[in-house]
Amino acid sequence: MFGTYLDGELGNGGAIATIADFDRREPTIPERSPQGRRKYRTIWISDIHLGTKGCNAELLIDFLDNVDSETMYLVGDIIDGWRLKKKFYWPDAHNDIVWRILKRAKRGTRIVYIPGNHDEMFRQFTGLNFGGIEIRRAAFHDTADGRRLMVLHGDEFDAVMLSHRWLAFVGDALYHTLMRVNHWVNAGRKALGLPYWSLSKMAKHKVKNAVEFIGKYEEVVARAAAERGVDGVVCGHIHTAEHRIFDNIEYWNDGDWVEGCNALVEHADGRMEILNWPDEVARREAREEKAASVVAVAA
């Protein structure tokens with residue numbers, strides 16, 4: 001499916017055709033054993049933006065190798081068709097991510113893919129199933145404790161996308177410039193032994209207009225969920241992981257894998273939680289260092 005689209009739209013021939021062979025290629029980074037992974041009932045992830053340098057593939061691979069679930073929702077902008085049309089970029093790590101997702105489907109995980117605005121080319125396949133991955137325009141999810149949630153990407157409620165599509169493309173170009181700066185900042189931090197830090201996430205929380213836009217967007221999405229008679233909504237799109245309640249309607253945003261590197265998970269009892277994976281990695285490494293020091297002292 002992916003290879004067919006890219007060949008037709010980008011005309012890059014053999015270099016792009018290899019993307020169609022995800023399932024036939026072993027990953028460059030070997031997958032860890034499913035044994036010992038955290039088990040969740042449901043996982044929601046979105047805004048991965050495969051095909052861009054901003055995609056934090058290393059952290060996402062680590063996440064996929066450490067968690068498992070009965071159901072996984074891919075809530076849009078998984079592949080960034082906007083950027084791929086301008087310049088082809090597809091490192092081995094991006095193949096590894098797709099390979100891992102397809103492997104989950106083969107192992108029995110239900111995978112539901114809801115394309116967003118950056119991967120809107122896949123919306124034409126709504127209702128079909130590819131390699132065990134269901135393509136849906138939107139979905140409804142029933143939690144273990146009886147709540148009904150609407151799941152969609154969320155660009156449907158973005159005023160800029162609806163009224164000024166050209167401005168969305170301009171904003172996308174500026175955003176990717178910021179992501180390149182963020183990449184080099186974090187390369188320097190990694191060399192110094194410092195944890196991952198999001199430059200654009202900090203900027204959004206500092207800029208008043210961005211904060212106001214996010215607040216209005218959340219309210220509009222929650223109102224749409226109320227009109228559909230559900231208990232809550234899960235979306236992505238704005239790269240801001242959040243849980244809020246508007247008039248008894250739960251609003252969940254599962255974040256992204258460019259800036260915050262977040263995922264939304266449902267536990268076996270229906271309890272839901274937003275995971276910030278850089279924080280999870282930092283805690284895991286701290287535990288490992290502590291365990292190693294205890295062993296060293298005992299020896």
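For clarity, every value in this text was computed on a predicted model and none was experimentally measured.
Hydrophobic cluster membership is shared by Val98 and Met72, with clusters built from Ile, Leu, Val, Met, Phe, Trp and Tyr side chains linked at under 4.5 angstrom. Residues Val265 and Val67 share a hydrophobic cluster, clusters being chains of Ile/Leu/Val/Met/Phe/Trp/Tyr side chains in contact below 4.5 Å. Both Leu102 and Leu128 are part of a single hydrophobic cluster, where members link through side-chain heavy atoms under 4.5 Å apart.
Between Ala241 and Asp254, the shortest heavy-atom contact is CB-C, 4.3 Å. Nearest approach of Ser46 to Gly236, heavy atoms of both residues: OG-CA, 3.6 Å. Smallest separation of non-hydrogen atoms from Ala93 and Ala57: CB-CB, 3.8 Å. Between Ile45 and Ala263, the closest heavy-atom pair is CG2-CB, 3.7 Å. Residues Leu59 and Pro278 share a closest heavy-atom pair of CD1-CG, 3.8 Å. Closest non-hydrogen pair, Thr28 versus Pro30, comes out as O-CD, 3.4 Å.
Of the residues listed (Arg37, Lys103, Arg100), the one engaging Glu31 in a salt bridge (charged side-chain N to carboxylate O under 4.0 Å, His left out) is Arg37, and it is the only one.
Remark: Lys216 does not engage Glu219 in a salt bridge, criterion side-chain N to carboxylate O under 4.0 Å. Electrostatic pairing of Asp62 and Arg32 counts as a salt bridge here, judged by a charged N lying under 4.0 Å from a carboxylate O. A salt bridge is absent between Glu266 and Arg271; no separation between the charged side-chain nitrogens and carboxylate oxygens falls under 4.0 Å.
Contact check for Thr42 versus His141: side-chain heavy atoms found under the 4.5 Å cut-off. Arg104 places a side-chain heavy atom less than 4.5 Å from the side chain of Leu64. Counting heavy atoms from C-beta on, the side chains of Asn66 and Glu280 never come closer than 4.5 Å. By the 4.5 Å heavy-atom criterion applied to side chains, Ile48 and Asp77 are not counted as neighbours. Met150 has its side chain within reach of Leu152: a pair of non-hydrogen atoms, C-beta onward, lies under 4.5 Å apart. Within the 4.5 Å cutoff, the side chain of Asn262 has no heavy atoms near those of the Leu275 side chain. Using a 4.5 Å heavy-atom threshold, the side chains of Gln124 and Thr126 count as separate. His153 is listed as a side-chain neighbour of Asn117, based on a closest heavy-atom distance under 4.5 Å.
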Validation: residues 130-140 side-chain donor-acceptor distances under 3.5 Å, sequence neighbours left out:
| residue | atom | partner | partner atom | Å |
| --- | --- | --- | --- | --- |
| Glu134 | OE1 | Arg110 | NH2 | 3.1 |
| Glu134 | OE1 | Arg136 | NH2 | 3.2 |
| Glu134 | OE2 | Arg110 | NE | 3.0 |
| Arg137 | NH1 | Glu156 | OE2 | 3.0 |

Please walk me through it: do Leu50 and Trp90 pass side-chain contact (heavy atoms from CB on, under 4.5 Å)?
-> CA-CA 7 Å; Leu50 295 172; Trp90 197 274; 3.8 Å; yes

Yes or no on ring-ring contact (aromatic ring centres under 6.0 Å, His included) for Tyr40 and His267, after CA distance, side-chain angles and deciding distance?
-> CA-CA 5 Å; Tyr40 295 106; His267 295 265; 5.3 Å; yes

Is there a side-chain contact (heavy atoms from CB on, under 4.5 Å) between Arg41 and Ser69 once you walk through the steps?
-> CA-CA 5 Å; Arg41 186 171 185 265; Ser69 63; over 6 Å; no

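Of the possible donor and acceptor atoms, none in the side chain of Asn56 sits under 3.5 Å from a partner among the backbone N and O of Leu60. Under a 3.5 Å cut-off, the side chain of Asn276 and the backbone N or O of Gly260 do form a donor-acceptor pair. In this structure, Ser33 contributes its side chain and Gln35 its backbone to a donor-acceptor pair below 3.5 Å.
Grouped with Leu264 in one hydrophobic cluster are Trp44, Tyr73, Val75, Val112, Ile114, Leu149, Val151, Val234, Trp252, Met272, Ile274, the linkage being side-chain heavy-atom contacts under 4.5 Å among Ile, Leu, Val, Met, Phe, Trp and Tyr residues.
Expressed to the nearest 0.5 Å, how far CD of Glu58 lies from CD1 of Ile29 amounts to 7.0 Å. Note that OH of Tyr251 is 5.5 Å distant from OH of Tyr217, once rounded to the nearest 0.5 Å. Atom CG of Leu84 and atom CH2 of Trp82 lie 13.0 Å apart (nearest 0.5 Å). Distance check, rounded to the nearest 0.5 Å: CG of Asn253 to OG1 of Thr240 gives 6.5 Å. To the nearest 0.5 angstrom, Ile78 atom CD1 is 6.5 Å from Ile101 atom CD1. Atoms CZ and CD1, on Phe63 and Ile97 in that order, are 11.5 Å from each other to the nearest 0.5 Å.
The stretch residues 224-242 participates, sequence neighbours left out, in no salt bridge (Lys or Arg N to Asp or Glu O under 4.0 Å) pair at all.
More than 12 non-hydrogen atoms from other residues, nucleotides or ligands lie less than 6.0 angstrom from CG of Asp269.
Remark: the Asp155 side chain and the His237 side chain contain no N/O donor-acceptor pair separated by less than 3.5 Å. Residues Trp257 and Asp47 bring no donor and acceptor atom of their side chains to less than 3.5 Å of each other. Side-chain atoms of His239 and His49 include a donor-acceptor pair closer than 3.5 Å.
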